[in-house]
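Remember, it's a predicted structure, so these values are computed and weren't measured experimentally. Just so you know, these numbers use all the heavy atoms, side chains as well, and skip hydrogens, waters and symmetry mates.
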Amino acid sequence: MKAGSDPGLEQSNKPVEVVQQQTPNFIVAENPKRRGLVLSFATMVAGKKTKKTHESINNRLALVMKSGKFTLGYKTVLKTLRNSKGKLIIISNNCPPLRKSEIEYYAMLCKVGVHHYNGNNVDLGTACGKYYRVSCLSIIDAGDSDIIKSLPGDQ
């Protein structure tokens with residue numbers, strides 16, 4: 001054994017026993033050589049799927065920002081809904097509940113799809129290519145993107 005090494009950190013030949021699984025992301029195991037529990041991270045396939053769909057939404061949104069027509073913000077979203085110009089509404093996950101319910105109500109009256117973005121307003125602003133926060137946006141014309149067909153809304 002080297003001087004200054006911890007005897008508890010040595011590799012043991014005994015297999016590590018899985019005691020219980022507490023959460024889907026972590027596995028709790030008991031190491032017989034070292035007293036206590038060891039947490040190890042377990043990857044999930046579902047997490048990769050949501051990340052991939054999140055990235056595809058961001059790509060489609062970037063294409064709308066380049067080639068389509070859109071409005072950013074609560075007031076302009078309500079204006080486009082009142083004028084029946086909006087085709088799809090995207091709302092961030094930290095939009096205030098009263099605003100969110102009002103937008104959803106207007107969208108329901110106009111028969112427009114609403115997509116709840118899986119990120120906060122900073123993430124939605126970044127996905128739009130802006131340096132500011134965006135809590136909601138209305139897509140008037142998708143341009144070259146197929147975002148309206150791929151995101152029919154969460155109705």
Side-chain angles (χ1 to χ4, degrees), residues 9 15-31 34-155:
L9 294 177
V16 176
E17 301 170 14
V18 176
V19 177
Q20 64 183 10
Q21 189 170 358
Q22 290 181 338
T23 63
N25 292 337
F26 292 99
I27 295 175
V28 179
E30 183 180 352
N31 189 348
R34 187 173 169 108
R35 293 180 193 105
L37 297 175
V38 178
L39 286 177
S40 64
F41 186 76
T43 58
M44 292 177 51
V45 177
K48 291 180 182 179
K49 184 178 179 185
T50 58
K51 186 177 179 184
K52 184 170 181 175
T53 57
H54 189 66
E55 287 175 359
S56 68
I57 292 168
N58 287 349
N59 292 338
R60 289 186 173 115
L61 202 52
L63 194 56
V64 169
M65 297 299 138
K66 280 185 178 179
S67 64
K69 290 184 180 178
F70 60 93
T71 61
L72 302 176
Y74 172 70
K75 288 182 180 180
T76 58
V77 165
L78 290 184
K79 284 179 188 176
T80 57
L81 286 173
R82 275 190 233 118
N83 296 331
S84 300
K85 290 184 179 179
K87 303 254 187 349
L88 177 70
I89 309 298
I90 299 177
I91 304 174
S92 67
N93 67 358
N94 66 342
C95 185
L98 186 62
R99 282 187 179 188
K100 189 183 291 187
S101 64
E102 188 174 1
I103 291 169
E104 287 171 348
Y105 178 70
Y106 273 83
M108 184 259 318
L109 291 176
C110 297
K111 296 179 180 135
V112 174
V114 177
H115 176 73
H116 297 278
Y117 186 75
N118 193 17
N120 59 11
N121 53 5
V122 177
D123 297 335
L124 185 57
T126 304
C128 293
K130 307 299 180 192
Y131 292 110
Y132 46 84
R133 299 169 293 196
V134 175
S135 65
C136 53
L137 69 100
S138 172
I139 297 174
I140 298 169
D141 178 33
D144 298 332
S145 179
D146 62 341
I147 193 166
I148 295 171
K149 294 173 188 166
S150 64
L151 300 176
D154 299 333
Q155 293 179 343

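- Here salt bridge (Lys or Arg N to Asp or Glu O under 4.0 Å) pairs that include residues 127-147, with residues two or more places apart or in two chains, are Arg60-Asp146.
- Rounded to the nearest 0.5 Å, atoms OG (Ser138) and OH (Tyr74) are 13.5 Å apart.
- Atom CG in Asp123 sits 8.0 Å away from atom CG in Asn93 (nearest 0.5 Å).
- In this structure the side chain of Ile57 reaches within 4.5 angstrom of the side chain of His115, judged on heavy atoms.
- In this structure, Asn58 and Tyr117 have side chains that are in contact, with non-hydrogen atoms separated by less than 4.5 Å.
- Here Lys149 contributes atom NZ and Ile147 contributes atom CD1; the two are 13.0 Å apart, rounded to the nearest 0.5 Å.
- Of the possible polar contacts, one joining the Ser92 side chain to the Ser135 backbone as a donor-acceptor pair under 3.5 Å is found.
- Proximity of Tyr132 to Leu72: side-chain heavy atoms (C-beta onward) are separated by under 4.5 Å at one or more points.
- A donor-acceptor pair is defined here as one N or O able to donate and one able to accept, closer than 3.5 Å; no such pair exists between the side chain of Asn121 and the backbone of Val134.
- A donor-acceptor pair under 3.5 Å is absent between the side-chain atoms of Ser145 and the main chain of Ala142, judged by distance alone.
- The two residues Val112 and Gly86 make their nearest non-hydrogen contact at CG2-O, 3.4 Å.
- Rounded to the nearest 0.5 angstrom, Ile103 CD1 and Ile91 CD1 are separated by 4.5 Å.
- Here the CG atom belonging to Leu78 is positioned 11.0 Å from the CG atom belonging to Asn83, to the nearest 0.5 angstrom.
- Rounding to the nearest 0.5 angstrom, the gap separating the CD1 atom in Ile140 from the OG1 atom in Thr76 is 8.0 Å.
- When atom types are taken as modelled, the side chain of Ser101 and the backbone of Leu98 share a donor-acceptor pair closer than 3.5 angstrom.
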